[in-house]
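Right, one structure below, let's go through it.
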Amino acid sequence: MSSYHIDPLKGLNGQQLQAVEATEGAVLVLAGAGSGKTRVLAHRIAHIIQKGDAKPWQILAVTFTNKAANELRERVAAIAPDGNQVAAGTFHSMMLRLLRREHKAAGFPQDFTVFDSDDSKRLVKIILNEMNEDRFRPNYVHSAISRLKNDFIPPDQCAEEAQTPRDTMIANVYKEYQEKIARFAAMDFDDLLSRPIEVFRNHPMVLNFWSNRWRYILVDEFQDTNRVQFELVQTIAGPRGNLFVVGDDDQSIYSWRGARVENIFQFKEKFDGAQIFRLERNYRSTQPILDLAHSVVSNSIQREAKKLWTERTDGKKPTAIGLTTDIDEVREVVDRIAREVMSGKRSYKDFAILYRTNDQSQLFEDALRARRFPYQVIGALKFLDRKEIRDILGYWKLILNPRDDVALRRIVKEPPRGIGDTTIDKLVKWARENDSSLTEALSKAHQVPGLNSRAVNTCRKFGAELEKWREGLKEKDLGVWAQQMIEETGYLERLEKEGSFEAEGRIGNLERLVSSITAHAEENDTGLRGYLEEVTLATDVDRMDDSADSVFLMTLHASKGLEFPIVFVTGLEAGLFPLENQEQQVENMDEERRLFYVGVTRAEDELFLTYAKQRRRWGQTRYTTVSNFLREIPKESVNWEGLHPYSENQVRTMSLDMFQSGGGWDSSTRNTSASNSASIRATGRARVNPDDIPAIHVGDLVEHERYGQGIVATLTRFRETHKVTVQFDHGFQTFVQDKARLQPVKKFK
DNA sequence: TACATGTCCGTTTTT
DNA sequence: CGGACATGTA
């Protein structure tokens, strides 16, 4: 074997080096946030390749996102030959690949469909309707079933162990669900993990093949694996046990979807003689940020004691900012970004805005759009979740898999084509009695009892149309095919007729869908199926474009594994973060705490924590109190600005200057929003009399006689002078407000 | 069968 | 507040 192209061990510290060079057997790396674990993974893989222990494609690397898998492959490729051939991906995508090959052993046709959670929920709903069961909501039942599957409990066992009528009902639905989904030749997300285990148990030869193929297995983010996933890696690794897992119990944030932190703690027991390494040196953040993170996460009830350290001891102290309303919070955050970007110190991509719930993104988006700042929202109201997109994807799924009744029922009335509920009911009945699919029922509608001749014709016509699209797929270019079939469905026509603003948007989305599949077809030869798979298994973060210079907005969950120079953790209010359910209970305080820890440790240089005393949610304004996480931070670990959550007496002992400039925090809720906005904008500067506020606000569209229209980026007041900076198309320009005669054109909100 | 109107509901985080 | 669903009517 040739020597390293680049010395792969160069630059690793002692702890990292030990982990990388660990030889055979099971290895657990307890890697703190920012401790360079991705690097360790890449070097470990390169090390295996270079030693000649395995070919790249004999190494399975499981990551939490496909993006992480790509990055890992690139890193390995940079230090080891053919490093990009490492089998890397998420559990779901790797197991799907395996199942396509082993479909016979799994008892499925090769082109089985993958149900996303929307499909699964629809199926649950159909079953509940059929069973005349209306005591429980489809969502609730679906998540119960999903949890059972994640714990590898089959329907029969579930029925046996049922304690209450509710359990029995769930067991019944679960059973029916499994039968139906199999009849539809489909697998849901959970099946993608549990079916391979079944295959391995029932077909030792198959297991033998894959165990031999994947001689080394590496798993990242091990704290967020569930039971099925642990079982999977254990099974594939087999007695050889060449398993290298990396995780951090402090960053376990997915227990609500079945992840088990215990997987980390039980690792040593399950793998006798496992080696354990700890990476506690942080390479990402400054010491003040780490101190703050530690002060909150160390209050966790259950936790492996550890503390990160860094050589970056000189950083800025994190800032906590209290605001009056959610709008003010948005304005404050966006103002700060504007100031940093304008001064040339930072670019947009240096900033991440993190929040607990997706719907918090909306206000930030509005503000950023109003100022024409480039931004990317990761996740949130996903393109693929839009109704029109899902409808067309439904057509495509059905075209690929005629047995997919869920897809057919989804699209048969979109757009309306003369097949209504009564007809569908008759088709469903016939299909059940004749053990066939709804697609078959369509084309054999003449055999279905109770249908009049008009209904029979409509059904058969639609069946033939589906068949035609199916045939067309074989001949035509995918993009062209997609374009044509969307037109032929009449979907576009209906939207055009509607003519509303909303319908325009939907048409635009469909156009985007066509260009997306066209682009996919140009780069891949996986066809429609490949496109659908990519679309269903892609994680939110996978769609992130990190080459673009834009502000990043995402949930705290989505931020895992990422890093940014400046991070805003927003909405730090009781009830919101930590988040309470409808019963006003925090379901898992430790996990919320860890989520906070994850968010905070994304920051490299600067960290801002914000909360608003007043927030609009579900169309109602609520008054909030500050998050206990903010209260737990020691006074000396954070600078307070704006409103202060503590009583006046306490405040005076803390930071008097902010108290004065922000103007009475405890009286804040009584103020009108206009005067509050003023005091917030004045935060940290001279005290401002609300009467002095100019008629122009940050975010306003203004007109200048010479430069034309622009957006107000910042307002600064120093003594008597008001300065205003405006972003024009050609760039930023600062004026003394009284002299520039800027005319407001339209106010932002 | 299709559409209009009214009502109810949930509203975390995601592969 | 917005979407999904139910109900009533053309």
Side-chain angles (χ1 to χ4, degrees), chain A residues 62-66 89-96 114-122 125 129 134 137-140 142-143 146 149-150 187-194 221 224-226 228-229 252-259 354-362 378-382 384-387 412-425 452 454-455 458 494 498 502 533-542 554-560 571 575-583 585-588 591-592 594-596 598-599 616-622:
Chain A
V62 184
T63 53
F64 205 71
T65 65
N66 292 303
T90 63
F91 270 109
H92 289 87
S93 56
M94 298 315 289
M95 290 307 119
L96 174 59
V114 178
F115 268 21
D116 60 24
S117 40
D118 184 66
D119 298 323
S120 302
K121 279 175 200 159
R122 277 170 183 267
K125 195 182 283 175
N129 276 335
D134 56 2
R137 315 203 169 292
N139 269 347
Y140 172 80
H142 174 246
S143 56
S146 176
K149 288 174 128 182
N150 278 326
M187 293 197 202
D188 65 17
F189 285 141
D190 305 317
D191 290 329
L192 291 181
L193 307 177
S194 55
E221 308 284 9
D224 282 322
T225 52
N226 62 30
V228 177
Q229 287 165 337
S252 159
I253 55 176
Y254 282 97
S255 74
W256 51 272
R257 69 170 204 211
L354 308 182
Y355 35 77
R356 180 64 178 80
T357 65
N358 272 309
D359 67 300
Q360 289 167 258
S361 75
Q362 196 57 54
I378 314 300
L381 14 127
K382 282 170 252 179
L384 296 155
D385 284 345
R386 313 249 158 102
K387 184 179 180 308
V412 69
K413 289 200 284 185
E414 301 289 346
R417 48 171 58 84
I419 302 174
D421 290 336
T422 39
T423 306
I424 295 169
D425 285 347
N452 62 33
R454 202 180 67 181
T458 329
R494 183 180 53 155
E498 196 185 320
E502 204 181 57
E533 274 174 12
E534 200 176 296
V535 151
T536 36
L537 289 188
T539 67
D540 290 330
V541 175
D542 292 339
M554 69 195 82
T555 62
L556 290 136
H557 281 90
S559 75
K560 189 171 83 161
L576 184 61
F577 191 20
L579 186 74
E580 288 171 2
N581 59 19
Q582 289 113 299
E583 289 87 43
Q585 298 286 314
V586 175
E587 269 164 29
N588 188 339
E591 185 145 311
E592 297 288 323
R594 294 190 294 263
L595 193 54
F596 180 78
V598 166
R616 241 179 124 72
R617 259 187 113 189
W618 319 317
Q620 272 193 320
T621 300
R622 307 243 174 156

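Side-chain atoms are counted along with the backbone in the values below, which use heavy atoms only and exclude waters and symmetry mates. Note that the coordinates shown come from a computational prediction; the quantities given were computed from them, not determined experimentally. Note on naming: letters A, B, ... go to the chains in the order of the sequence lines (proteins, then strands), and numbering restarts at 1 for each one.
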message: Could you tell me how far apart Leu192(A) (CG) and dT15(B) (P) are, to the nearest whole angstrom?
response: 13 Å
task: With heavy atoms under 4.0 Å as the rule, sort Thr536(A) into base, sugar-phosphate or nothing.
output: nothing
query: To the nearest Å, how far apart are His142(A) NE2 and dT14(B) C1'?
result: 11 Å
Residues forming a side chain to side chain donor-acceptor pair (under 3.5 Å) with Thr621(A), sequence neighbours excluded: Arg616(A)
field: Under 5.5 Å and under 30°: Tyr254(A) stacked on dT13(B)
entry: no
- prompt: Just how far, in rounded Å, is P of dT15(B) from NE2 of His92(A)?
  reply: 9 Å
message: Tell me the interatomic distance from Gln360(A), atom CD, to dC1(C), atom C1', rounded to whole angstroms.
response: 16 Å
- request: Using the test ring pair (Phe, Tyr, Trp, His ring centres under 6.0 Å), find all partners of Phe115(A) that sit at least two apart in sequence or belong to another chain.
  value: none
Set of residues satisfying ring pair (Phe, Tyr, Trp, His ring centres under 6.0 Å) with respect to His557(A), sequence neighbours excluded: Tyr254(A), Trp256(A)
- prompt: Would you say dT14(B) has OP1 or OP2 under 4.0 Å from some side-chain N or O of Asn358(A)?
  reply: yes
query: Phe64(A) near the nucleic acid: base, sugar-phosphate alone, or nothing, with a heavy-atom cut-off under 4.0 Å?
result: nothing
query: CG/Leu354(A) to CZ/Phe596(A) distance, rounded to the nearest 0.5 angstrom?
result: 11.0 Å
task: For Glu587(A), report the nucleic acid contact type (base, sugar-phosphate, nothing); a contact means any heavy atom under 4.0 Å.
output: base
- line: Rounded to whole Å, CD1 of Ile253(A) lies from P of dT13(B) at a distance of 13 Å
message: In whole Å, I'd like the distance from the CD atom of Gln229(A) to the P atom of dT14(B).
response: 16 Å
Between the protein and nucleotides 6-10 of chain B, are there any N/O to N/O pairs under 3.5 Å, and if so, what are the atom names and distances?
unit_1: dG10(B); atom_1: OP1; unit_2: Arg137(A); atom_2: NE; d: 2.2
unit_1: dG10(B); atom_1: OP1; unit_2: Arg137(A); atom_2: NH2; d: 2.7

task: Name all residues meeting the ring pair (Phe, Tyr, Trp, His ring centres under 6.0 Å) criterion together with Phe91(A); count only those two or more places apart in sequence or in a different chain, and write none if there are none.
output: none
query: Roughly, in whole Å, what's the span from CE in Met94(A) to P in dT15(B)?
result: 17 Å
task: Using a 4.0 Å heavy-atom cut-off across all strands, classify Arg417(A) as base, sugar-phosphate, or nothing.
output: sugar-phosphate
field: Thr90(A) side chain, from C-beta outward: closest of dT14(B), dT15(B), dT13(B)
entry: dT15(B)
- request: Grab the CG-P distance between Asp188(A) and dT14(B) for me, whole Å please.
  value: 18 Å
- request: State whether Asp224(A) and Arg257(A) are salt-bridged, where the test is any N-O pair (Lys NZ or Arg NE/NH1/NH2 against Asp/Glu carboxylate O) under 4.0 Å.
  value: no
field: Distance test, side-chain N/O of Thr423(A) to OP1/OP2 of dT1(B), below 4.0 Å
entry: yes
- prompt: Will you find, in the side chains of Thr536(A) and Asp116(A), an N or O donor that is under 3.5 Å from an N or O acceptor?
  reply: no
query: Taking only side-chain nitrogens and oxygens of Ser93(A), does any of them come within less than 4.0 Å of OP1 or OP2 of dT15(B)?
result: no
task: Compare the minimum distances between each of dC3(B), dT1(B), dT12(B) and the side chain of Glu592(A), then state the nucleotide with the smallest one.
output: dT12(B)
Below 3.5 Å is the cut-off: list the nitrogen or oxygen pairs between protein and nucleotides 2-10 of chain C, distance only.
unit_1: dC5(C); atom_1: OP1; unit_2: Lys125(A); atom_2: NZ; d: 2.1

message: Please report the distance separating the C1' of dC5(C) from the corresponding atom of dT12(B), rounded so that it comes out in whole Å.
response: 23 Å
- request: Would you confirm whether Glu592(A), through its side chain, and Leu579(A), through its main-chain N or O, come within 3.5 Å as a donor-acceptor pair?
  value: yes
